[in-house]
Amino acid sequence: THGDNALDLTRLSVFACFGCAHGILQWWLYIRVFSYICPHTARFAGLSWKDKLRDSAGQKDLVKQIALDNFGHNTFIYFPLFYTVQEWIQG
């Protein structure tokens with residue numbers, strides 16, 4: 001509760017479970033789905049800055065992955081789930 005120094009174990013437990021479940025979802029999304037949709041990002045990540053500046057396929061996949069994360073995952077998955085759980089806890 002607000003203004004109270006007591007530890008709310010129910011809230012802590014629910015958000016811990018949410019964090020673990022969403023962590024598994026993120027692993028699946030970033031490792032499985034994004035690597036399929038953006039196949040050049042793993043290779044691109046290992047390049048030097050000099051080589052990254054020349055790798056247009058890697059740059060395009062990087063921009064695509066950032067856009068999918070910000071405008072897809074965060075907008076339609078993370079924030080709705082987070083605020084639903086938060087509202088459920090706070091009643």
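This is a predicted model, so every value here is computed, not measured.
For the atom pair L68 CG and Y30 OH, the distance stands at 10.0 Å (nearest 0.5 Å). Taking OG1 from T75 and CG from N70, the interatomic distance works out to 7.5 Å, rounded to the nearest 0.5 Å. Atom CG in D61 sits 10.0 Å away from atom CD1 in I37 (nearest 0.5 Å).
In terms of modelled atom types and a separation under 3.5 Å, the side chain of Q59 and the main chain of K52 share a donor-acceptor contact.
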Practice item. Would you please test F15 and F82 for side-chain contact (heavy atoms from CB on, under 4.5 Å) and show each step? Key: CA-CA 9 Å; F15 274 111; F82 177 82; 3.7 Å; yes
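L53 is linked by a side-chain contact (heavy atoms from CB on, under 4.5 Å) to nothing, counting only residues two or more places apart in sequence or in another chain.
When each of F34, Y36, W28 is tested with R32 by the rule side-chain contact (heavy atoms from CB on, under 4.5 Å), just one qualifies, namely W28.
Between H22 and F18, the ring planes lie parallel to each other; the angle is under 30°, not in the 30° to 60° tilted range.
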Which donor-acceptor pairs under 3.5 Å do the side chains of residues 40-48 make with protein atoms, sequence neighbours left out?
{"residue": "H40", "atom": "ND1", "partner": "R43", "partner atom": "NH2", "Å": "3.4"}
{"residue": "T41", "atom": "OG1", "partner": "C38", "partner atom": "O", "Å": "3.0"}
{"residue": "R43", "atom": "NH1", "partner": "D55", "partner atom": "OD2", "Å": "2.6"}
{"residue": "R43", "atom": "NH2", "partner": "D55", "partner atom": "OD2", "Å": "3.1"}
{"residue": "S48", "atom": "OG", "partner": "D51", "partner atom": "N", "Å": "3.2"}
{"residue": "S48", "atom": "OG", "partner": "D51", "partner atom": "OD2", "Å": "3.3"}

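Note on L25: it clusters hydrophobically with W27, by side-chain heavy-atom contacts below 4.5 Å among ILVMFWY residues. I77 is connected to V14 through a chain of hydrophobic side-chain contacts under 4.5 Å among Ile, Leu, Val, Met, Phe, Trp and Tyr, so both are in one cluster.
Contacts classified as side-chain hydrogen bond (donor to acceptor under 3.5 Å, both in side chains) and involving residues 76-88 (residues at least two apart or in different chains) are not found.
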